[in-house]
Structure formats: C-alpha cells, structure tokens
Amino acid sequence: MKLCGKPLRNRANSKYDPLDLHRCFREDGHSGKCEEFPYLRHLATCSPKVAKKIMRDSTKTTGAAWKSEDAGPNRISRWVMLLSDQELNALGIKMDMLKPIVVSKLRDKAATYDQCMNVAMNLTYSTYGMAHAPAPTPEIKSYLESFFGPIVGGSTVCLVCKAPLDYDDFALARRGKAEIETAHSSPRSHTAKNVGFAHRLCNIAQGDRSVKEFYAWIKTILQRTGEL
Ligand SMILES: [Zn+2]
Ligand SMILES: [Zn+2]
C-alpha cells in the first residue's frame with residue numbers, strides 16, 4: 001500500500017522532539033485529515049489504554065531513569081536518542097547529568113522514526129491476532145493485512161515463552177504493571193521483526209539478554225539441576 005506521507009506539524013512535546021519527522025500514514029490519496037496512526041483509530045475507541053501503550057512503547061524511551069528534573073523529560077522519542085550529547089544538551093536533555101549506565105540504556109533504545117512506526121503498526125497487527133481481541137474495522141483490517149498478511153485470531157504468541165497471548169491480559173495488572181508488556185528478541189534492536197508482546201513475567205525473566213541467550217541460560221540451569 002502506498003502511504004500519503006505528508007509531514008504533520010505542531011505536535012505537542014515538540015520541545016524535546018524538534019526533528020519534525022512525523023508523517024501521515026493513511027493511504028495515499030485519502031480524503032479527510034492526515035493521521036499518523038490511522039490503524040489505531042479503532043483500538044483508541046474500544047481500548048484507549050492499549051492504543052496509548054502501542055504508541056508509547058513503539059516511539060518513546062522508557063521512563064523511570066529519566067525521573068530527574070535536572071536531566072530532562074521523563075520519556076523522549078527514540079529517534080531523538082540518535083542525536084549527539086551536544087545536540088541533546090541544546091534541547092535541555094542533559095546526558096552528562098545521568099549515570100553512565102543510564103546513558104547507555106537510553107542510547108540502546110535509539111531508533112529511527114521509520115523503525116518506530118513499523119513497530120507501532122506491527123504491534124497493532126499482533127494485538128488483533130490475540131485470543132479474545134476485538135475484530136478490527138474492515139478498513140483497518142485490510143490496511144494491516146496489506147503489510148503483514150491475514151489476521152488470524154489466537155495466533156499471537158508471547159515473544160519469550162511462545163504460549164498464546166490473551167487480549168484480556170492487557171486489562172489485568174499487578175501493582176499497576178500490566179500483564180502484557182512490549183518485549184525485544186534482541187534488546188538493542190527496535191525493529192518490527194524484533195519487537196513483540198510478552199507476558200510480564202517472561203519479559204522480566206528474559207532481562208537484558210536476547211531471547212536466544214535466555215533459552216541457552218535456562219537450558220544450562222535445567223541440565224545442572226537434572227530437570228532435562
Ligand atoms: Zn495524509
Ligand atoms: Zn510468556
């Protein structure tokens with residue numbers, strides 16, 4: 001599908017996101033307003049939290065480490081993390097105020113705008129493939145299927161343990177943490193192929209290893225303990 005691609009301006013949060021990369025992702029030649037996340041329109045109505053999660057996880061760095069008034073905002077766009085320390089400093093994002101470990105974690109989350117948008121689209125597709133997910137509108141269904149192939153209910157599995165994911169688990173939370181999280185097969189690559197959903201506990205267990213490293217680690221434990 002050919003996309004409209006017109007630049008979208010006047011975004012909120014522009015102070016920390018000055019690159020003006022936002023574009024329209026509706027089909028080329030569409031009528032009406034340009035939109036950055038047209039495929040999230042339906043989820044935004046029936047499950048705004050899930051839609052917001054997809055937008056946030058695909059485009060933003062994670063927060064916690066940023067909770068310093070001196071250092072900068074809580075979350076910033078991943079593509080801003082591709083800028084140099086000097087360029088970030090000029091934006092009021094002071095990398096030298098952060099511990100080196102925090103800086104390297106943030107730098108690991110860097111991704112281009114296009115990578116982030118592909119992740120958002122793919123996460124939306126994966127959401128509709130979960131058991132008990134609502135059906136997408138016909139327009140969104142054909143949009144997503146033109147990129148990723150048929151949407152099959154119940155086909156989306158946890159990135160880590162490969163068990164099916166249930167859409168209802170989005171609503172479940174323990175101590176404010178959702179039971180489904182966005183996860184990376186290799187923690188340092190934010191691309192559609194490498195990003196998916198995982199059970200929260202599976203994501204925690206994987207930690208900062210790649211999924212392959214995680215399996216190898218589990219295997220050594222099982223062998224050592226005679227379980228395998
Ligand atoms: Zn447009
Ligand atoms: Zn799992």
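Values below: every heavy atom of this structure, side chains too, minus hydrogens, waters and symmetry copies. This chain uses plain numbering: 1 for the first residue, then up along the sequence. Both counts, for ligands and for their atoms, begin at 1 and track the order of listing.
For W79 and H190, the ring centers sit 6.0 Å or farther from each other. Aromatic ring centres of Y125 and Y128: separated by at least 6.0 Å.
Between the NE2 atom of H30 and the SG atom of C24, the angle centred on the Zn ion (ligand 1) amounts to 110° when rounded to 10°. Rounding to 10°, one obtains 110° for the angle at the Zn ion (ligand 1) between SG (C34) and SG (C4). Take the Zn ion (ligand 2) as the corner point: the lines to SG of C158 and to SG of C202 open at 120°, to the nearest 10 degrees.
Restricting H199 to its N, O or S atoms, the one at the least distance from the Zn ion (ligand 2) is ND1.
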| task | Verify side-chain contact (heavy atoms from CB on, under 4.5 Å) between T127 and T156, making sure each step is shown before the conclusion. | result | CA-CA 7 Å; T127 300; T156 298; over 6 Å; no
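At distances below 3.5 Å, at least one donor-acceptor pair connects side-chain atoms of N194 with backbone N or O atoms of S186.
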